[in-house]
Amino acid sequence: MNFLQKNNIHLISDLRTISKSIVDADYSQVYVLMDENTNQHCLPLLQDALVDDEVYFFFLEVPSGEASKDLSTCASLWESLSEDNADRKTLVLNLGGGMITDLGGFVASLYKRGISFYNIPTSLLAMVDAAIGGKCGIDFVGFKNQIGVFQNAEQTFLYPPFLETLPELEFWSGMAEMYKHALISDTAHWTALKIFDKAEVTPQLIEQSAALKAEVVANDPLEKGARKKLNFGHTIGHAVESYFLQKEKPMPHGYAIAFGMICEAHISAQQNRLSLVEYDEIEDYLKTKYEFPTIPEKDFPILFEFMQQDKKNEHGSVNFTLLNSIGSAVINQTATEDQIKASLTYLLDE
Ligand SMILES: NC(=O)c1ccc[n+]([C@@H]2O[C@H](COP(=O)([O-])OP(=O)(O)OC[C@H]3O[C@@H](n4cnc5c(N)ncnc54)[C@H](O)[C@@H]3O)[C@@H](O)[C@H]2O)c1
């Protein structure tokens, strides 16, 4: 049994593995939560593999997009579960990207003080990141993941063939989190990822990236210390994501994180942690993969405001994870407003 399997995370090549797990655990009923895209593209594959003569399945669909990760969607899902008298032996199957795994995990964790859920991530981002590590939450009053819990999925199944229908933009969004895992902890993984020009990656690299996340999480499940490494790129990335959400021009999560990683690598270099050679390598590479929208300098204060609200902050100062080198991160760092501004100006002016 490998490290992922010990943590109930399984790379599978046959969806019947999921069906077997459900039947063995003897759930009273099973709700499949999805959005219209995963309903159309992923449910047919899953349904072919589900044994439905022993288990009663219900299907719940919410509109795709970050806007569904909100309290009103939770309320309507809790209403559906209540109307159907879903009991505590009910299972929720989260079939979708990170929006669905975050939302479904949160809804399941609070319904009747918690029912089980399986994550069946269908986007690359969810396979290597969102579906792993037990953070479930929703956005609130304009802030990302403002309300949430730590609750692990009972089981998580990674089935890479789902990626065949994933739009290319979403593929690159997921690659950003893979690059992050490499930059914070594994130089060899960074080198291995850099050989892919096109929107493709092997199941083995997906498994490795998922394992890099799972290992960090296993050492610090509640993010008291080492898990903060995973926040590299996220202080500025989340602010940028929230900014474009507010402007009603949502930016894919991974694109915002790629933006944040370049800025936070720039801050690492300004603080003489990261060498300029390695900074250039990161910046040059990420810029070949991602195009970023512009943000006028007059709007920087809005970004600072979002950074001030970040959940990672303690004692009023904005918290950063920075890089010492490719493959090595340092947590609990601060940056001056000038350093942050310089990184944003540098990226946006280039
Ligand atoms: N909990 C965590 O630790 C964690 C970590 C990272 C990100 N997240 C969250 O994850 C979310 C982003 O995840 P995401 O990028 O997967 O977004 P998403 O769930 O919105 O999916 C992106 C798009 O791809 C579509 N899609 C997904 N799988 C598909 C498939 N196989 N075929 C066709 N279309 C498919 C979706 O319908 C959606 O339109 C954000 O809400 C972010 O905050 C959470």
Side-chain angles (χ1 to χ4, degrees), residues 9 15 33-46 61-70 73 94-106 109 117 119-140 143-153 156 158-178 180-181 199 206 209-210 213-214 216-217 220-223 227-234 237-242 244-245 250-258 260 310-312:
I9 301 164
L15 287 169
L33 176 66
M34 58 216 156
D35 63 29
E36 74 280 6
N37 298 321
T38 60
N39 188 347
Q40 182 189 346
H41 298 294
C42 308
L43 182 66
L45 305 182
L46 182 66
E61 186 188 299
V62 298
S64 62
E66 187 70 16
S68 284
K69 232 175 83 172
D70 74 342
T73 310
N94 296 322
L95 180 69
M99 184 278 283
I100 289 289
T101 57
D102 276 14
L103 173 73
F106 182 72
S109 303
F117 64 96
N119 280 339
I120 311 176
T122 60
S123 69
L124 181 60
L125 188 140
M127 287 183 194
V128 299
D129 191 2
I132 295 169
K135 277 191 185 175
C136 314
I138 56 166
D139 307 331
F140 189 62
F143 297 109
K144 288 267 308 164
N145 306 323
Q146 185 80 342
I147 304 182
V149 293
F150 284 101
Q151 184 62 53
N152 276 312
T156 298
L158 313 180
Y159 182 67
F162 279 139
L163 300 179
E164 282 162 25
T165 55
L166 188 71
E168 192 163 333
L169 186 88
E170 300 299 342
F171 175 86
W172 289 112
S173 180
M175 281 300 277
E177 296 287 5
M178 294 181 75
K180 181 198 72 183
H181 292 160
I206 292 174
S209 188
K213 166 140 191 197
V216 174
V217 170
D220 178 22
L222 300 182
E223 199 171 292
R227 184 172 178 164
K228 292 184 188 173
K229 272 194 342 182
L230 294 165
N231 294 333
F232 173 59
H234 281 61
H238 269 164
V240 167
E241 193 177 5
S242 301
F244 283 107
L245 201 59
M251 185 179 189
H253 179 74
Y255 280 65
I257 298 317
D310 199 295
K311 290 177 299 303
K312 301 182 282 295

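Whatever order the structure lists ligands and atoms in, that order sets their numbers, starting from 1.
- The immediate protein surroundings of ligand 1, defined as residues with any heavy atom under 4.0 Å of it, consist of D35, N37, T38, H41, C42, S64, E66, K69, G97, G98, M99, D102, T122, S123, L125, D129, A130, K135, K144, N145, F162, T165, L166, P167, E170, K213, H253.
- In terms of heavy atoms, F106 sits closest to G148 at CE1-CA, 3.8 Å.
- H253 and E177 form a side-chain donor-acceptor contact under 3.5 Å, judged by distance and modelled atom types alone.
- Taking every heavy atom of both residues into account, P252 and L169 meet most closely at CG-CD2, 3.6 Å.
- Nearest heavy-atom pair across N119 and A131 is ND2-O, 3.1 Å.
- Residues I138 and L103 are in side-chain contact: their nearest non-hydrogen atoms beyond the backbone lie under 4.5 Å apart.
- Between K135 and E223 there is a salt bridge, since a side-chain N of the basic residue sits under 4.0 Å from a carboxylate O of the acidic one.
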